[in-house]
Structures are given as structure tokens and as C-alpha cells.
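Some notes on the structure that comes next.
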Protein chains: 2
Amino acid sequence: MASDIIRSVIGRRTGIALWRQIADAIRAGISSGLGDESGRLPPEMELAEQFGVNRHTVRSAISALVSEGILRAEQGRGTFIIKPERLTYPISKRTRFSATLAEQGQRGESRIMSHGINPAPEDVARALALSPGAPVLQVRSVGFGDNTPISRATAWFDNERFPEMLPHLLRFNSVTKAFAASGLDDYVRVSTLVEAYHATLDDIEILRLAPGSIVLVTYAINADLDGKPVQYSKTRFSADRVSLQIEQDPHQPED
Amino acid sequence: MASDIIRSVIGRRTGIALWRQIADAIRAGISSGLGDESGRLPPEMELAEQFGVNRHTVRSAISALVSEGILRAEQGRGTFIIKPERLTYPISKRTRFSATLAEQGQRGESRIMSHGINPAPEDVARALALSPGAPVLQVRSVGFGDNTPISRATAWFDNERFPEMLPHLLRFNSVTKAFAASGLDDYVRVSTLVEAYHATLDDIEILRLAPGSIVLVTYAINADLDGKPVQYSKTRFSADRVSLQIEQDPHQPED
DNA sequence: TACGGTTGTCTATATAAATAGACAAATATT
DNA sequence: AATATTTGTCTATTTATATAGACAACCGTA
């Protein structure tokens, strides 16, 4: 009885293998209370019945989740959930994790993977209110939580206005501190665009995702207090591992 | 040569059929410039070569997109793109489409599918700051743009405070006007949580999606100017058809 | 009208996914 | 020690995916 959490019935002839649909359903079900207090999943036979498939199909799904590091199977005992949590990322006017560069405190960390100074592509120039081709600093980074990759980001900065941004970033590993060292004491998030896509092969490799996983993609603009854009970043989050929490600063006076 | 837009190489033995991966890649590629000025896709043979698969596999993908209404194949001429656009949904302090109930103006429209007064489930009670089990009005609706379904939503309202909400909603087909008629002149969005999932069978049916599609899910809370929550809604958007645009009201005074 | 380029249809074969059944191996309980 | 429960492994069969090749049907143009 128990787990009627499996409401997401699965379809056939969809181009998505049943075992993968079931793996996705189990992964999703974990956060919504699949499994008992001890983190034990219902036995394979029961799951097979719930999903209306053969036991071997469920086993394929579980096997995939085991190699993802989400489940652990113990012969004779059962199958257990390893990591139930989902990180919540705040996005507000004062969002500071922005390019997922550091300062997440607690369990967060981020690493700069590569950087360079290039002429601004069209979309970057538009976002930063620069003329196309103007020199911009581009920084790629990967954000981690509990040693698992959570997000990967590319951030751009106006190289004319912030010529010393890169050394500051490398030194402080914090956008806020790097801006401060560049003479910008405060900045605010002015715009965030959210989209969702299937993971690319790069996503799968870098974020250690399962094929067919989903990524949340954000396009964010930070500006100084005059409204002039100072940072543009594109970030790809593992949708399995994060929620984006958008706060609208409720208790402020109305305009 | 042209379309090296196909960067998203496809993987095998992933549990996702090649034809579906290719369909997803083409669907995604459309918005980023796949196809020439006239909206014509590269010929099947060329696509097959680009993706490194057999022509028949590409044909399966195209056939799926044709029945999705995204492509149109004409014998002897080529395959053409039907709908390139993607709707942008704003989410800000003053977001009013909220439960995707109406007032989107322009080309937007929404229809109430069902409604009822029930005891509040735990998450709804928490969001509305009510005691669990308190009576709440629940309204399900589907939002349309250009006659294609864009989103489906469930909204909850405190039935004690707004006992006449339902008739007002049915009459005005607008949350804002229904609140106004209930004596609440203004309200603001205080919180929006964004997640992404694979489409369920319900999503596929109601939003007319392809199996394996992605949905953006938002959990939103609107509150009156005292900060008391007045509406909680869960909305599921077709990720192929919308971007969520989050504005943080940049030009306001700091706190 | 003839031709190159394109989509549509057919047959055949190989590989991956799914079902079915049986039994071994480990675990916990009686 | 015996038993029921659960995961692990094996064989066999069917269905869905993917590849391969050939040719018909249709379009635009030379």
C-alpha cells in the first residue's frame, strides 16, 4: 500500500526507456516522501507492481540510480536512499552567489575553471550595455555543495571599468569582495531569466548528471546603484539538486 | 555546412532513444537559428550526417515534431519550422498573471477548469499562514497563448477571508479584479520558488507536450500590503514555450 | 521535358529494451 | 535451525530502436 506517491504513471513508445522514466520518478519521489523513516525504498516487486512493469525494469532503474550515487542496494535488506536533500538557492535583489562564485558560506564552494579577455558577443554586450566587441572578462566556474557539483556558470565583466577584476577574483574567490577591491561597494540583482533544458553532454560530464537530466538555466544581470550593469552571468543548475528561491523583498514601501 | 548549431552531440545507451534526443535538439535549435530565412530545415541526409545517425532516425525525430505541430514536412521541397517563438513570463513584485488567471492582455487567456472548497493540505496551510485543515478555495486553470496551452495552475485562497472569491473569479476571470471585488485593492508577490521536472502524463495531455518534455514549476505566494498571504499557487509551464523573467525592481531606494 | 534534390515508403537485419520465469545469496525474524 | 523476505544472477523470448539499401513521389529549375 504505502507509497501511492507514484502518481506519475509512465508511458510506452515515447522514445524514453521505461527504466529511465522510472529512475526519474524515483529520484523525484525521494524528495516527496518515497521511502520510510529509515530511508528504505519499497521492495522491487512492489515498485514493479506500482509502475506496472516487470521487476527487471525496476532493477534497471535502481541500478542507474545506484551508479548516480543516489541509492544504495543491500542484498537481503533492501534499497536505501543516500541523499535526500535539495539545495535551495535564493535569488533576490541582494543575491550574492550570482556567478556561483563563492561566499555561499556553510557548505557551498566554487572553483574558477577558466578565464579570458575577449570581445563581447552580442548578447553579453546588450546585457552589460556595452558596444558589441568591447573587451570583457569572461570567467567560467563550477559551484559545489557537499563536494557534489551543483552549478556551472559563465560570468562577464566590463574589462574597461574593472581592469583588475580577474586578480581580485582569483585572490578572494568572491564577486562581492572583488567588486569592493575594484571600488564598487554595492550592487544589486536587477534581472534574472530562468529557463529549463535537457542536459547537454557537457552538463552531464561537468555536473555529473544522468543522461536525460534537466538543467535550470539562469541569465542574470547585476548592476551598480546607478542602474549600470556590472556583471552578466549564465548559470546552469542541476534541477535535481536545487530549487531557485525568488524573493521579492515584500516589506518595502510601495512606489 | 551552415548549421553547426548542432553542438549537442547525442549519446547512446542512455535510456533515451536517439530519435527523441534529436527531436529535442532540433526543437531547441529552432530558437537559436537552425533553419534558414524561409524557415527551412537542412535536408534529412545532412541532419543525419550532423548527428551521426541514419536518415531514418532523423525521420523519426522529424515525424515526432510534425505531430507536435512544430514542423511541417513537404515532399520534394523540404521541412519547415512552424512556430519559432517562446513566450516570456514576467515574475516581479507586481506579477499579476499569478495563477495564470487571465489579464495577460494581448494574446494571453486562461480558463478555469475546476474548483472546490476543501480543507487546506499541509503545504497550502503553511504558505497561506493558516492552520492545517482550514477551508480553502482551490481553483485549477489552464493558461493559453495563441490558442496553445502554456501553463496549468492550481491556486488556493483563504475561504474565511474571501468567501465570495469564487463567483468573482468566475465573473471577472481575473485574480486582481476578484480581489478588488472582495475588498482587497492591492497585493504583491512575495515569494516564487522555481523547479524543473520531466512532464507527467497529465502535463503531456493538458499542455499537449511531447513525452520527455520539461516543465517549469513555480510555487508562488501573493500577500496583501501587511504581508499576510492571500494566495498560494502552483503553476506548471511548458519549458519549451516560456521563459520566466524575474525582475527585482532595480530603481528603488535601498533599505 | 529532363534532371538534381528532396521527402515518402518499403524490405531486411542488427542491437537495445522489456517481459517472463527460475533459482542463488544475503538478511532478519521466528 | 528453519523460514520468509529481499536483492543478485542466469536463460529465453518478445517488442521497440536503429541501421542499411533501394526506389517511388513530388518539387523546382534548367
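Below, chain A is the first sequence line, B the second, and so on; all start at residue 1.
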Without decimals, in angstroms, what is the distance between B:L18 CG and C:dT15 P? 15 Å
Rounded to whole Å, the CZ-C1' distance (B:R72 to C:dT6) equals 15 Å
From CD of B:E44 over to P of D:dA20, roughly how many Å is that when rounded to an integer? 16 Å
5' precedence on DNA chain D between A:I16 and A:M45 (nearest-nucleotide basis): A:M45
Can A:K234 and A:D123 be counted as an ion pair, charged N to O under 4.0 angstrom? yes
Using a heavy-atom cut-off of under 4.0 Å over every strand shown, decide if A:R40 touches base, sugar-phosphate, or nothing. sugar-phosphate
What is the distance, to the nearest angstrom, from the CG atom on A:N54 to the P atom on D:dT15? 14 Å
N/O-N/O pairs, protein side and nucleotides 26-28 of chain D side, under 3.5 Å:
residue: D:dG28; atom: OP1; partner: B:R77; partner atom: NH1; Å: 3.1

Separation of C:dA28 C1' from A:F80 CZ (nearest whole Å): 11 Å
Under 3.5 Å, is there a donor-acceptor pair between the side chain of B:R241 and the main chain of B:P149? yes
Heavy atoms of A:T218 and A:V194 approach each other most closely as CG2-CG2, 4.2 Å
If you compare every side-chain N and O of B:S60 against the phosphate oxygens of D:dT17 (OP1, OP2), does one of them come in below 4.0 Å? no
A:T57 vs C:dT19: side-chain N/O to OP1/OP2 distance below 4.0 Å: yes
Considering every strand and a 4.0 Å limit on heavy-atom distances, what is the contact class for A:R12: base, sugar-phosphate, or nothing? sugar-phosphate
Residue pair A:G15/A:I62 against DNA chain D: nearer the 5' end by closest nucleotide is A:I62
Listed partners of A:H115 passing side chain to side chain contact (heavy atoms under 4.5 Å, CB included), at least two apart: A:I112, A:V139, A:L166, A:L170
So CD1 of A:I16 and CZ of B:R20: to nearest 0.5 Å the spacing works out to 5.5 Å
Is any N or O donor-acceptor pair between the side chain of A:H56 and the base of C:dG21 shorter than 3.5 Å? yes
Nearest of C:dG8, D:dT17, D:dA20 to any side-chain atom of B:W19? D:dT17
Please state how far atom CZ in A:R20 lies from atom P in C:dA16, giving the value in whole angstrom units. 16 Å
A:R55 (side chain) and C:dG21 (base): donor-acceptor pair under 3.5 Å: no
Identify the two heavy atoms, one from A:A61 and one from A:A23, that lie closest to each other, and give their separation to 0.1 Å. CB-N, 3.6 Å
Is it the case that the side chains of A:Q245 and B:S191 hold a donor-acceptor pair, with the cut-off being a distance below 3.5 Å and no angle test? yes
So if I take every side-chain heavy atom of A:P43 and compare against C:dA18, D:dT19, D:dT6, which nucleotide ends up nearest? D:dT6
Selected nucleotide, minimal atom distance to A:R59 side chain, candidates C:dA20, D:dG8, D:dT19: D:dG8
